[in-house]
Amino acid sequence: MNKKLLILLISVFALCGTAMAQSTAFKYQAIARSVNGGLLTNTPLNIRLSIRTGTPGGTVEYQETQSTTTDQFGLFSIEVGSGTPTVGTFANVNWTSAQKYIQTEVDLGSGYVVMGVSKLLSVPYAIFSFNPGNPGKTGATGANGATGATGATGNNARMV
C-alpha cells in the first residue's frame, strides 16, 4: 500500500511541475485570405513561419511548419516554437543579436505563398525584465564550511 501511495505522489508532483513549466513558444494569430482577398473560413491550412534576423529579408534563423484550421472568421491561432522545425531550433534563436522579424507563409495547395513579414515587438513582462528595479539588501554571510582534507605533499624540485 505504501509503495502505491508513493508512486501516486511522485506522479502527481511530476505532472504539476510539467503543467506549471513556462512555455518557450509564443502565441501568433492571423486572418487567412485567398489570393483574391476573400476570407478562408473553416479551412485547413499549412503554415510556414520564419524568424528573420536584422531586416524583413534577413537571414532565416529559425523556420517551422504547422497545420491548423481557420475559424468562422478566417482566424487561426498557433504557438510559434511548437511546430515542426525545418531550419534551426527555436531554443537556439539568439533573441539579443538583432531585431527579429516573423514571416508568415500559407500553402493553399500550390506551394507556400508569403503573406507578410512583421517586426517582432517586446511583450510587457519582457520589457520589465530590462529594468527590474533595485536589488534587495544583501543577506548575512553564512558560516564557514568545514576544513577540507590536507592534500598530498608536492615535489620539492626547484627550477634553476
Side-chain angles (χ1 to χ4, degrees), residues 1-30 32 44-69 75-107 111-160:
M1 176 68 175
N2 288 336
K3 197 180 239 185
K4 288 181 182 179
L5 181 60
L6 180 61
I7 291 171
L8 175 67
L9 286 175
I10 290 172
S11 298
V12 168
F13 285 124
L15 287 173
C16 288
T18 302
M20 292 180 193
Q22 182 68 29
S23 172
T24 56
F26 62 89
K27 297 281 188 188
Y28 182 82
Q29 289 185 324
L45 299 174
N46 291 317
I47 307 291
R48 182 165 63 190
L49 298 161
S50 302
I51 304 295
R52 294 185 169 273
T53 299
T55 65
T59 302
V60 174
E61 193 169 347
Y62 173 75
Q63 186 177 78
E64 70 177 35
T65 58
Q66 293 196 33
S67 296
T68 189
T69 301
L75 176 72
F76 67 90
S77 300
I78 56 177
E79 291 186 3
V80 179
S82 297
T84 302
T86 57
V87 174
T89 60
F90 192 72
N92 289 336
V93 172
N94 185 353
W95 296 105
T96 62
S97 68
Q99 179 64 54
K100 303 297 180 202
Y101 293 81
I102 187 165
Q103 176 178 298
T104 308
E105 298 171 86
V106 177
D107 183 356
Y112 285 101
V113 176
V114 176
M115 302 304 284
V117 182
S118 299
K119 184 188 291 188
L120 287 173
L121 303 174
S122 299
V123 294
Y125 68 85
I127 294 169
F128 177 78
S129 71
F130 294 136
N131 185 15
N134 298 326
K137 293 181 181 179
T138 301
T141 301
N144 287 335
T147 302
T150 302
T153 303
N155 186 346
N156 288 330
R158 294 182 187 208
M159 296 182 89
V160 181

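- Note that the CG atom of Leu75 and the OG1 atom of Thr69 stand 12.0 Å from one another [nearest 0.5 Å].
- Side chain of Arg52 to main chain of Gly58: a donor-acceptor pair is present (N/O by atom type, distance under 3.5 Å, no hydrogens or angles).
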TODO: For Gln103 and Val114, run side chain to side chain contact (heavy atoms under 4.5 Å, CB included): C-alpha distance rounded to whole Å, both residues' side-chain angles, the deciding distance at 0.1 Å, then the answer.
DONE: CA-CA 7 Å; Gln103 176 178 298; Val114 176; 3.9 Å; yes
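- Each of Val113, Ile47, Asn46 was compared with Val106 under the side-chain contact (heavy atoms from CB on, under 4.5 Å) criterion, and only Ile47 meets it.
- A donor-acceptor distance shorter than 3.5 angstrom exists from the side chain of Gln99 to the backbone of Leu120, with no hydrogens or angles considered.
- Nearest heavy-atom pair across Ala32 and Leu45 is CB-CD1, 3.6 Å.
- Residues passing the salt bridge (charged side-chain N to carboxylate O under 4.0 Å, His left out) test with Glu64: none are found, sequence neighbours excluded.
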TODO: Determine, step by step, whether Trp95 and Tyr62 satisfy the ring-ring contact (aromatic ring centres under 6.0 Å, His included) criterion, reporting the C-alpha distance in whole Å, the side-chain angles of both residues, the deciding distance to 0.1 Å, and the verdict.
DONE: CA-CA 11 Å; Trp95 296 105; Tyr62 173 75; 8.6 Å; no
Task: side chain to side chain contact (heavy atoms under 4.5 Å, CB included) evaluation trace for Met115 with Arg48 - done: CA-CA 10 Å; Met115 302 304 284; Arg48 182 165 63 190; over 6 Å; no
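- A heavy-atom distance below 4.5 Å is found between the side chains of Ile51 and Ile102.
- Distance check, rounded to the nearest 0.5 Å: CD1 of Ile78 to OG1 of Thr104 gives 7.5 Å.
- In this structure, the side chain of Lys100 engages the main chain of Asn94 through a donor-acceptor pair within 3.5 Å.
- We find the OG-OH distance between Ser82 and Tyr28 to be 15.0 Å, quoted to the nearest 0.5 Å.
- For the residue pair Tyr101 / Ser50, no side-chain donor-acceptor distance below 3.5 Å is found, with atom types taken as modelled.
- Of the possible polar contacts, one joining the Gln66 side chain to the Glu79 backbone as a donor-acceptor pair under 3.5 Å is found.
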Tell me which donor-acceptor pairs under 3.5 Å the side chains of residues 139-151 have, and how far apart each pair is, sequence neighbours excluded?
none

